[in-house]
Protein chains: 2
Amino acid sequence: MLEPAAASLEPTTAQLADYAPSGRFDALPADMETLFMGLRMQRRQVKARQYLFRTGQPRHALFLIHAGSFKTCVLSEDGREKITGFRMRGDLLGIDALDIPSYACDAIALDYGEVWELPTAQMRLQFPEFQERLTAELAREIRRDWSWMLALGTLTAEQRVISFLLDLAQRLQERGFSARDLVLRMTRAELGNFLALQLETVTRALSHLHAQGLIGVACREIRIDDPVALRGRLACDA
Amino acid sequence: MLEPAAASLEPTTAQLADYAPSGRFDALPADMETLFMGLRMQRRQVKARQYLFRTGQPRHALFLIHAGSFKTCVLSEDGREKITGFRMRGDLLGIDALDIPSYACDAIALDYGEVWELPTAQMRLQFPEFQERLTAELAREIRRDWSWMLALGTLTAEQRVISFLLDLAQRLQERGFSARDLVLRMTRAELGNFLALQLETVTRALSHLHAQGLIGVACREIRIDDPVALRGRLACDA
DNA sequence: CGTTGGCTTGATACGCCTCAATGCTAGTGG
DNA sequence: CCACTAGCATTGAGGCGTATCAAGCCAACG
């Protein structure tokens, strides 16, 4: 367990709030849940490590994450794997295959998960704005992807890890959790895969930031001690 | 000038056709032009190096590329730049900002360019399937991005260059050009930026492939001599 | 109590970056 | 016509950052 953060530096969340690799593009996160609250929907629970769907399976529905965390990944024919994102409550799974009959990625629960199954055909009829919501969600995903492409292409290993932590902190905060105390739902290997790093490099980056007093590290639990300093390290010439 | 390819290895285009970083996901490319043929549309021409639009500008329209090549790029606050894609005839520019009032990237002509301006509001009324076409285009872009994220995260410098060449060859072929003789519309620096490599590394990779007789290189003109061997190099353990 | 999976740390190797020099081509102006 | 310049491509030498390999630690679990 990590002891709670020293209350020395208070105004850190404000700094965090306007940061994210995707921050400069995005409008506020959509609240799909309230939109569909009245609708009777199929719910589905998945256990840790379980596949929600796999690449190539017939796509019969979209899924709205209600609880838990998921990763989505793509595979090449020769076995190379790449995690394309870590998804959490409010995110939609499966939209990347909206125009084709089968899923285009794997969706795997990191811990446990509960999803709501959206029957797309029915929704289109019932909610005229549904299709527009989908385009919005897709466009947002593109901008997120571009931001990460920018980060992976231009930042060092340590900066990538910082980017990830700050991005995660912001997403947690948007969902009502602390932006300071994070619990990573993925292994070091998965994190490294997403950031295009080896797991040892991720560990070393975290250890280094810890040694400098910027974060607290206890395995999956991360405490962000100095968001301002972290943000400062993201500049090109730092 | 490059002399034409030796006619020794004939059946290469078939191999090429089913390859692309995005190949395993995508359906055939959309023919937007014929769809909108009857419509009276604003056309716009841009010269080399000219911006079609910039990040943050009010988004009043989408653009369909009719001729020429464009690059789209994103910038971070501290000046880091990343080219998110090279676009050509039939591609849509601006869709990544469909849900927000201003453009989310820069679009810059590489040589010259002619685009058709699509008034989105009008199109939605006139073509009921237009919104669905947009979602399809967005989903395809996401899958393309994921494929490149996979490539950049798991391939060596030389493999990335090969991937790019094969992808470009396929896109040219889809548009009725030769899949064997390519003309790069971008500088080595731009190519390196897209592939997360330095321009010298791109040059070295091209020179190396040339020295092995797999391609012909004369500055911007590339001839693909041995697509099969190139494809073979993309395997994980090659 | 052994086994397994995940995390950390160190030593070494290698691929790509960085810096520097050169060549080439096109455009410009004397 | 020929300097002169600017932009782009190529090539080499050396250094750095991350990958790779190896070992040890710890908690969870059968």
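To find a chain, count down the sequence lines: A is the first, B the second, and so on, and within it residues start at 1.
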Side-chain atoms of B:Ala157 come closest, of D:dA9, C:dC16, D:dC21, to C:dC16
Could you tell me, to 10°, how much the axis swings from one end of the helix from C:dC1-D:dG30 to C:dG30-D:dC1 to the other, five pairs per end?
20°
Please check if the side chain of A:Arg59 supplies one atom and the backbone of A:Ala97 the other of a donor-acceptor pair under 3.5 Å.
yes
Spacing between A:His210 atom NE2 and C:dT9 atom P, to the nearest angstrom:
9 Å
Check: D:dG12 base within 3.5 Å donor-acceptor of B:Arg204 side chain:
yes
B:Gln198, nearest nucleotide to its side chain (from C:dT8, D:dA19, C:dT18)
C:dT18
Please tell me which of the listed nucleotides, D:dT18, C:dC7, D:dT11, lies nearest to the side chain of A:Arg220?
C:dC7
Of the nucleotides C:dT9, D:dT10, C:dC17, which has the atom closest to the A:Glu200 side chain?
C:dT9
When you get a sec, tell me which of D:dT10, C:dC17, C:dT9 is the closest nucleotide to the side chain of B:Thr201?
C:dC17
With the side chain defined as heavy atoms from C-beta on, B:Ser207 is closest, among D:dT10, C:dT8, D:dC8, to D:dT10
Among the candidates C:dT8, D:dT10, C:dC16, find the nucleotide nearest to the side-chain atoms of B:Thr156.
C:dC16
Separation of D:dA19 atom C1' from B:Leu155 atom CG, nearest Å, is 16 Å
Could you report the tightest heavy-atom contact between A:Ala196 and A:Arg160, atom names first, then the distance?
O-NH1, 3.2 Å
Under 6.0 Å between the ring centres of B:Phe70 and B:Phe86?
no
